[in-house]
Each structure stands twice: as C-alpha cells, then as structure tokens.
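Okay, so here's the structure we're looking at.
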Amino acid sequence: MEHTKHLWRAFLILLVLGVAGIFVRHFLIPESFGEQGFYRYTSLGEFKEKPVIHGAVGSCTSCHQEIADTKTAGKHASVSCEVCHAPESVHAAGGQKIADMPTNPSHTLCATCHQFLEARPKEFPQVDVTQHLIDLGVMAKGEAIPDGACIVCHQPHTL
Amino acid sequence: MSHALTGYLFPNDVHILWSLMIVMYPYITGLVAGAFIVSSLYHVFGRTELRPVARLSMSASLAFLLVATLPLLFHLGHPERSLNIVITPHFTSAMAAFGLIYTLYLTLLVLEIWLVYRKDIILTASRSRGLKRWIFATMALGVYDISEEALRVDRRVITVLAALGIPAACILHGYVGFMFGSVKANYWWSTPLMPVIFLFSAVMSGMAMVIILYLILMRFANRPIDPDCVQSLARWLWLFVVMTVTMEMLEIVTLAYERNEEWVVIAPLLNTKLAFSFVVVQVVFGSLIPILLLGIVVLMQPFLTSPLRNTITFIASLILLIQVFAMRWNVVIGGQIFSKSLSGFRESYHPQLLEKEGILSAVLIFIVPFVFLALFNKFLPLYGDAPETKAATTEEG
C-alpha cells in the first residue's frame with residue numbers, strides 16, 4: 001500500500017519495543033522464581049539464615065520461674081513476656097544473660113492494649129487512659145500523664 | 001494519644017489503610033476514561049458537533065493517564081519495586097492485570113494522538129529550525145507524507161483505534177470498580193453494580209472535565225466558544241448524570257429494602273459517619289443540583305442565551321467534579337470506617353496536610369496533568385483550527 005510508510009514505521013517501533021520488553025523481562029525475573037511456586041525459591045534459604053529473635057512462649061521460664069508462675073496465675077496469663085519487654089535475643093543466649101532486658105514502665109505500653117477503642121471487642125477490659133487517671137484523682141484535666149502512671153496501682157505480673 | 005495496633009483487635013478495624021491516595025486513584029483513572037469517551041463520541045460515533053473538543057479530550061485523557069499511577073506509588077512507597085507486578089504478573093490477581101491494561105491503553109492513546117496530530121507535527125517540522133525541527137521530524141518518524149491519500153488512511157486507522165479504545169478505557173476503569181466490588185468481606189463495596197457505577201461516574205467526571213477545560217481554554221486563547229458543542233456535551237452529561245445517580249441510589253435502596261445483616265452497619269454509616277460527604281455533598285449538592293441545572297440547559301435551550309447556558313453548564317460541571325470525588329471518597333473511606341465483623345465504627349479519617357499520602361500530595365498530583373496540558377498546548381494546539389489542520393485529521397464523522 002502506498003502512503004502508509006509512517007504507519008509501518010510506527011508498527012516497527014512498537015514491535016521493537018515489544019520484543020525488547022520481552023527480552024528485558026527475561027533478565028529481570030529473579031533467579032529461582034517459579035521453581036516451586038509463584039515465588040522466589042531461594043528466598044526460603046535466605047530466611048533460614050536469619051538469626052532467631054524471639055524465644056518461644058515459655059522461653060523466659062527457665063530463668064524466671066517465679067515471675068512466670070505469678071503471671072500465669074493472673075489476668076495477664078495469656079500475654080507473652082516478650083510483648084511487654086523485648087525479644088529474648090537481646091537479653092539471653094546459650095543459657096546465659098548477655099545484656100540487660102529493657103522494661104517499659106510507661107503508660108503507652110498498657111494503652112497499646114487497653115486504651116478504649118470502639119473497634120475493640122466490648123468485653124475486653126479497656127479504659128480511656130486520660131479519663132481513667134482523672135477519675136481516680138491521679139491527675140487533673142489537661143495535665144500531662146506522669147511516668148509510670150499505670151504500674152503505681154496495677155502490677156503487670158501479679159494482676 | 002497514639003493508638004498502636006497490636007492487642008486484641010483486627011487491624012482493618014482500626015486503621016484506614018487505603019488513604020486519600022486510593023481516593024485519588026479511581027478519580028484520576030475515571031477522568032482518563034471519561035475524557036476518552038468524549039473523543040470517541042466524535043471519532044467513532046460521528047458526533048461532529050463535538051469536533052472542537054476532540055483533540056482536547058484526547059490530550060486530557062493522556063495527561064491524566066500519565067499521572068494515574070502516581071497515587072499508587074505514593075501510597076505503596078518503594079517505587080523501585082513497582083515494576084515487579086508487570087514483570088511477574090499473577091493472573092489470579094486483578095491488580096496484576098493493571099500493568100497490561102495500562103500499557104495497552106497507553107499505546108493506543110499515544111498512537112491515536114500521534115495520528116491526529118501528524119499533519120501539525122509535519123508542518124511544524126518543516127517550518128522550524130535546529131533542535132525543534134529535529135524533535136518534530138523525529139516525532140513524524142521521518143515521513144513527511146501529508147497527501148490526501150495518507151491522511152485518509154490515517155483517519156481510518158484513527159477510527160479503528162478509537163473504537164478499540166472504548167473497551168480499553170472501559171476495562172481500565174471498570175477494573176478499578178471491580179477491585180472494590182470484589183472485596184467480599186466488605187458490605188459497602190461488594191456488589192456487582194460497583195464496576196458499572198464506577199464506569200458511569202467516570203464518564204460523567206471526564207465529560208465535566210472536558211467542558212471545564214474547553215471553556216477555560218477558549219477564554220484564555222481568546223476564541224469563540226462553540227455553543228453547539230457545549231450544548232451537546234451538556235446533553236450527554238445530563239444523560240450520564242441521570243444514569244449514574246439512578247444506579248447509585250438503586251444500590252442504597254436495595255440495601256435499605258432488603259435489610260440484610262449488613263444494614264446494621266450501612267444505616268448508621270450513612271446517617272452518622274458519611275452524613276455530610278454522602279447525603280449532603282454527593283446526593284443533594286452533587287447530584288440533585290446538577291441534574292436540575294443541566295435539565296434547565298437542555299430543556300429550556302430556546303429560551304436561554306448561549307453564554308448563559310455555557311455558564312450554567314460550567315457550574316454544573318464543577319459541581320459534578322466534586323460529586324465524583326465525594327463518591328470515590330465515600331466508597332473508599334466509607335468502606336473502611338466500619339468494622340468488618342460489624343462491631344462498630346472507628347473514628348473518621350482526616351488526612352493531614354503534609355503527610356506522604358496527605359492533602360498536599362493529592363493537590364500536587366492533581367495539578368501535574370494541567371501542567372502537561374499547558375506544555376502540550378505550547379507545541380501542538382489543543383484546539384484544531386489553524387487553516388491547514390482544519391481540513392486534516394479530524395475530518396471524518
């Protein structure tokens with residue numbers, strides 16, 4: 001056909017782009033992708049190489065039997081130590097204490113689970129943190145929440 | 001007081017994860033699809049009175065298409081990973097299809113615009129010197145053939161591309177509605193009507209945008225406004241507003257009448273959390289007023305002067321742009337305010353001015369297409385009426 005030269009050129013450019021795209025894609029697909037499924041198979045090995053951070057439930061018990069027992073008898077029985085403190089790996093390894101375990105005495109720790117939210121199940125114990133402290137006379141309205149505000153009255157282990 | 005997320009609740013009951021950016025995304029793709037449909041009314045369905053906006057609507061569609069992915073990039077972060085979904089798409093995922101649909105549609109649109117402007121490109125190339133000439137010659141792919149024969153072939157190809165573009169544009173936007181309509185855990189989203197509503201309101205917003213752009217462009221370029229063109233757009237727009245609003249209301253009426261278990265959250269959702277953005281903005285202000293205004297323009301045409309009709313159409317179009325935005329907001333945000341286990345509501349969502357997915361980002365993203373259009377207009381006119389272009393590419397119908 002006459003007078004269609006420009007269309008053929010455009011078509012050629014698209015064709016080249018398309019083929020180049022397929023070619024480039026071939027090199028961009030990560031190695032081992034799709035070998036065992038729709039993911040990069042070697043990533044499993046990479047995950048296995050990562051150091052273990054959290055201990056299992058009860059990993060603190062071997063050295064802190066007493067606290068574990070009191071906690072298990074109380075309301076926080078189902079709450080793991082590592083949630084309120086820090087992962088085991090920062091503190092103990094190979095049956096030895098290796099560094100201090102952080103402790104968070106701030107009310108923000110408790111508020112994570114106990115601040116009143118409409119979306120929380122109704123039967124879960126929750127308070128509006130500021131209002132709770134005002135109701136109990138711990139602070140006046142508009143004041144900043146003092147450090148360690150909750151653990152003055154509630155002992156997290158022996159609840 | 002910040003509420004962290006661990007601790008005895010479902011994360012999707014607390015955080016609005018799909019933020020303002022996910023409101024922007026369907027809004028912008030809607031404008032893409034809608035503007036394209038306007039150009040197809042001319043190129044495929046031969047509505048010759050729409051000729052003055054045929055180029056504008058196509059270029060607007062491209063300008064918005066070029067920023068359509070920005071909201072997603074802002075939302076997800078990690079732009080360096082964005083191509084993974086294109087490289088290894090998984091076809092059980094509707095989102096993965098997006099890369100293909102987007103590429104296909106972009107190719108179609110660029111080809112069509114290229115053909116529509118080919119004669120202008122060649123004439124500019126032969127008129128200018130130096131770098132500009134070189135750029136335009138490259139854009140012409142080195143072929144300077146503007147014989148009647150060649151232009152006729154172009155017109156035929158344009159019609160085919162525009163015809164292919166209609167399903168492509170519908171898929172591009174219908175798929176966005178499908179994304180929401182297929183989330184079966186969400187009562188506010190999960191309806192087969194969702195893609196259709198998205199599509200119709202997309203056409204509505206695209207038409208409104210073209211009307212606004214056209215009227216402003218003519219004002220700035222100091223050119224006469226073609227009253228028949230605006231009148232025709234107003235008539236089409238009225239049709240689409242009526243159909244869109246009917247479907248939007250139909251959906252609510254069905255929910256209200258059936259009173260299935262989801263009504264427990266939908267009813268309070270509509271009369272508390274979304275009372276303003278749905279009832280006031282989307283329905284009363286955004287739907288009723290434009291239906292009345294456009295109804296006046298269409299039904300009372302003989303009694304009104306054309307400048308008055310243009311002004312009313314302009315106002316109705318502006319309101320409709322707000323309506324469609326409110327609709328996207330109500331769908332995206334509304335669907336995340338209530339608990340999927342029907343246990344209540346979270347506080348409403350208030351985007352911040354300066355956060356990554358905040359108001360400023362949204363405004364900036366929305367401005368970019370207009371900058372593109374202004375730049376485009378510098379090189380190739382968005383209205384085609386230079387004497388030599390008049391006889392050219394936009395002649396069929």
Side-chain angles (χ1 to χ4, degrees), chain A residues 1-15 17-18 21-22 24-30 33-34 37-40 76 78-80 82-84 104 106-133 144-145, chain B residues 1-15 83-84 86-93 96 99 103 107-108 110-111 114-115 118-119 121-122 138-154 156-157 161 273 337-347:
Chain A
M1 268 224 282
E2 249 185 307
H3 299 296
T4 54
K5 203 165 153 203
H6 58 288
L7 291 175
W8 286 110
R9 287 203 183 168
F11 178 72
L12 200 70
I13 290 176
L14 284 180
L15 198 69
L17 284 178
I22 293 171
V24 170
R25 173 179 182 267
H26 180 77
F27 287 100
L28 287 180
I29 294 178
F33 184 90
F38 208 76
Y39 62 101
R40 198 165 51 84
H76 275 158
S78 65
V79 182
S80 156
E82 292 175 299
V83 174
C84 292
N104 180 2
S106 155
H107 69 277
T108 54
L109 171 66
C110 321
T112 309
C113 296
H114 291 294
Q115 165 65 36
F116 176 80
L117 288 178
E118 277 184 281
R120 282 198 215 280
K122 297 282 172 284
E123 59 282 4
F124 185 80
Q126 45 191 314
V127 293
D128 185 89
V129 166
T130 319
Q131 197 55 45
H132 186 54
L133 294 174
I145 297 173
Chain B
M1 145 135 269
S2 70
H3 307 156
L5 244 202
T6 52
Y8 306 94
L9 45 82
F10 303 119
N12 63 354
D13 285 357
V14 169
H15 270 196
L83 283 181
N84 288 3
V86 183
I87 295 164
T88 53
H90 196 299
F91 290 105
T92 57
S93 151
T103 314
T107 313
L108 267 176
V110 169
L111 264 183
W114 175 66
L115 286 173
R118 207 172 63 84
K119 186 167 175 185
I121 292 172
I122 291 166
T138 313
M139 270 159 56
L141 302 184
V143 182
Y144 280 35
D145 183 356
I146 45 173
S147 61
E148 209 22 69
E149 189 85 6
L151 294 180
R152 202 166 45 239
V153 176
D154 282 1
R156 228 173 289 144
V157 179
L161 287 177
K273 298 284 173 182
I337 289 183
F338 63 87
S339 150
K340 304 313 164 288
S341 50
L342 306 185
S343 62
F345 294 89
R346 53 150 289 137
E347 303 115 79

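Any value given below was found using the heavy atoms of this structure, including those in side chains, with hydrogens, waters and symmetry copies removed.
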Side chain / backbone / both / neither for [X] at chain A, heavy atoms under 4.5 Å:
| X | value |
| --- | --- |
| Thr107(B) | side chain |
| Ser147(B) | side chain |
| Leu83(B) | neither |

Shortest non-hydrogen contact between [X] and [Y], atoms and distance:
| X | Y | result |
| --- | --- | --- |
| Trp114(B) | Leu7(A) | CZ3-CD2, 4.5 Å |
| Pro89(B) | Arg25(A) | CD-NH2, 4.5 Å |
| Leu115(B) | His6(A) | CD2-CD2, 4.3 Å |

(message) Using heavy-atom distances under 4.5 Å, tell me whether Ile13(A) contacts chain B through its side chain, its backbone, both, or neither.
(response)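 Side chain only.
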
(request) Starting at CD1 of Ile87(B), measure out to CZ of Phe33(A) and round the result to the nearest 0.5 Å. (result) 10.0 Å

(request) Starting at CG of Leu141(B), measure out to CG of Leu12(A) and round the result to the nearest 0.5 Å. (result) 10.0 Å

(message) Please evaluate residues Asp145(B) and Lys5(A) with respect to the criterion side-chain contact (heavy atoms from CB on, under 4.5 Å), reporting the C-alpha separation (whole Å), side-chain torsions for both, the decisive distance (0.1 Å), and the verdict.
(response) CA-CA 8 Å; Asp145(B) 183 356; Lys5(A) 203 165 153 203; 6.0 Å; no

(message) If you count heavy-atom pairs within less than 4.5 Å of chain A, which of Thr88(B), Leu111(B), Val86(B) leads?
(response) Thr88(B)

